[in-house]
Undergrad: 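Quick one: this structure, given as structure tokens, is what I'll be asking you about.
Letters go in sequence order (proteins before strands), and every chain restarts at 1. Values reported hereafter were calculated over all heavy atoms of this structure, with side chains retained and with hydrogens, waters and symmetry mates removed. This one's a predicted model, so the numbers in the text were calculated from it and none came from an experiment.
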There are 2 protein chains.
Amino acid sequence: MARKTKAEAEKTRQLLLDSAMRLFSEKGVVKTTLAQIAADAQMTRGAIYWHFEDKADLLHALFERSITPEAERLWRTMTEEGADPLECLLKASHAFWLEMNSESTLKQVMMLYNQAEQVPELADKLDELHCQEDSHMYQALKMASERGALHPDMSVETAFTLFHTLHAGMVQLVCGARKCTVELDKEKIFRELILGIERAVSAPGRLKSPR
Amino acid sequence: MARKTKAEAEKTRQLLLDSAMRLFSEKGVVKTTLAQIAADAQMTRGAIYWHFEDKADLLHALFERSITPEAERLWRTMTEEGADPLECLLKASHAFWLEMNSESTLKQVMMLYNQAEQVPELADKLDELHCQEDSHMYQALKMASERGALHPDMSVETAFTLFHTLHAGMVQLVCGARKCTVELDKEKIFRELILGIERAVSAPGRLKSPR
DNA sequence: GTTGATACAAACTTAAGTGTAGGTATAATC
DNA sequence: GATTATACCTACACTTAAGTTTGTATCAAC
């Protein structure tokens, strides 16, 4: 067996990416070898070296494939004219955590991001992506602050840090292999968490009773 | 040169641990080789293999060395009779974050814990340690809850998750190589964060004005 | 229908790191 | 003060995974 049609080649490329995604998020990037990925996709390493330059390039391709237009749209609507940026951010966080807790591809991608920090070749690219998200979040919070939606004791920087840290911690909590002693009802917790964070960041007058 | 006195041997053991700590936290556990550690300590790998079984055993020894009696005491005082567990927890968190932000050994140790998850041989040991801390924190928060110190919309589980996640996120934020776009005044932020978290978790009547 | 480019497979090379066996000088022990 | 256990060092064998080269069947284009 040898040369295939272009469509078929593209299909094996996607298969390789699928296998890489699965194995990377299952066993970790460093512990996964190219041979394992190839075997999982029923190919040989030759196929990988044909489609990608090396392991780092493979990872890079995974990121490229994972960048969704949805995220872009989300951030844009958050800073639109009529929107309430703080409420949007809280809602987005809630949705994010809920999906992170399922077996969605989002979770796999976040695990990848989490691990890829160990791979120096990708650190810059990752930093870039993080910085973009960070500045979006910062923008939203700044808008909220300018409208007096933030608590007087909470600067934009602190609110930013709070969200940033919570997100990172969530990813760690959900992705990490850590066995938590405490059995948790995630849905309930996420709901209560959002309410709590609202109390922490919102201006006193803007707090609503639980919906 | 050959055999040394017992005291000297113990000293080289400590030197090896020091070098391992430095290199592990500088370049990561996986990217650091035993040869590099030995060279940094002006020894050879032979010395490492004499004092430790392998890389995992070395890491394990690092953890053993890092377990401070201070932490134990801190958790004990938190759940003592007269103490206000919630306030103690908030204070401890504040202190923790401040020290994490310095170049203390605590930071190095936390970075190790963070990375060692990738090393499967240590995952169990780490889980154990984490679980201990978790249960301490959970205990403190439960006590606070029983005294009515928690906000009615905030269950013990949610408060626990909030602290847990914040801690993990902080470690990630401080330890990670991530370049943050936003320049931050850490001291101020930590102060405001604690106040914010207090608003999130504390029962409404117990909130104090800023001290 | 021949020819060149494609899409891999398979075998080989290279490099890095771990593990180990053997040597050796010296502290400890008696 | 002879012996033994200790605390390493040196060198080499083994393993593992990345990277490279070569081979080859087939698609595509003329």
Undergrad: Rounding to a whole Å, what distance do you find between B/K6:NZ and C/dA28:P?
TA: 9 Å
Undergrad: Can you tell me how far C1' of D/dA7 sits from CD of B/Q42, to the nearest Å?
TA: 17 Å
Undergrad: Can you tell me how far P of C/dT18 sits from CG of B/L34, to the nearest Å?
TA: 4 Å
Undergrad: Is the shortest side-chain N to carboxylate O distance from A/K107 to A/E103 below 4.0 Å?
TA: yes
Undergrad: For C/dG17, does the base pair up with any side-chain atom of B/R45 as donor and acceptor (N or O, under 3.5 Å, distance only)?
TA: no
Undergrad: For a quick test of reading the model: is some side-chain N or O of B/T5 closer than 4.0 Å to OP1 or OP2 of C/dA28?
TA: yes
Undergrad: Can you check whether B/E192 reaches A/D153 side chain to side chain, under 4.5 Å on heavy atoms?
TA: no
Undergrad: Would you tell me if any nitrogen or oxygen in the side chain of B/H51 comes within less than 4.0 Å of OP1 or OP2 on D/dA7?
TA: no
Undergrad: Looking only at the side chain of B/W50 (C-beta and beyond, no hydrogens), which of the listed nucleotides D/dT10, C/dA27, D/dT6 gets closest?
TA: D/dT6
Undergrad: The side chain of A/M43 is closest to which nucleotide in this list: C/dA28, D/dA28, C/dA9?
TA: C/dA9
Undergrad: Choose from D/dC8, D/dG19, C/dG19 the nucleotide whose nearest atom is closest to any side-chain atom of A/Y49.
TA: D/dG19
Undergrad: What is the distance, rounded to the nearest whole Å, between atom CG of A/L58 and atom P of D/dA18?
TA: 11 Å
Undergrad: Heavy-atom nearest nucleotide on DNA chain C for A/T12 versus B/T33: which residue maps closer to 5'?
TA: A/T12
Undergrad: D/dT10, OP1 or OP2 - any side-chain N/O from B/T44 closer than 4.0 Å?
TA: no
Undergrad: For A/Q14, I'd like to know if atom CD has over 12 heavy atoms of other residues, nucleotides or ligands within 6.0 Å.
TA: yes
Undergrad: In terms of side-chain geometry, is the basic nitrogen of A/D18 or A/R65 positioned less than 4.0 Å from the acidic oxygen of its partner?
TA: yes
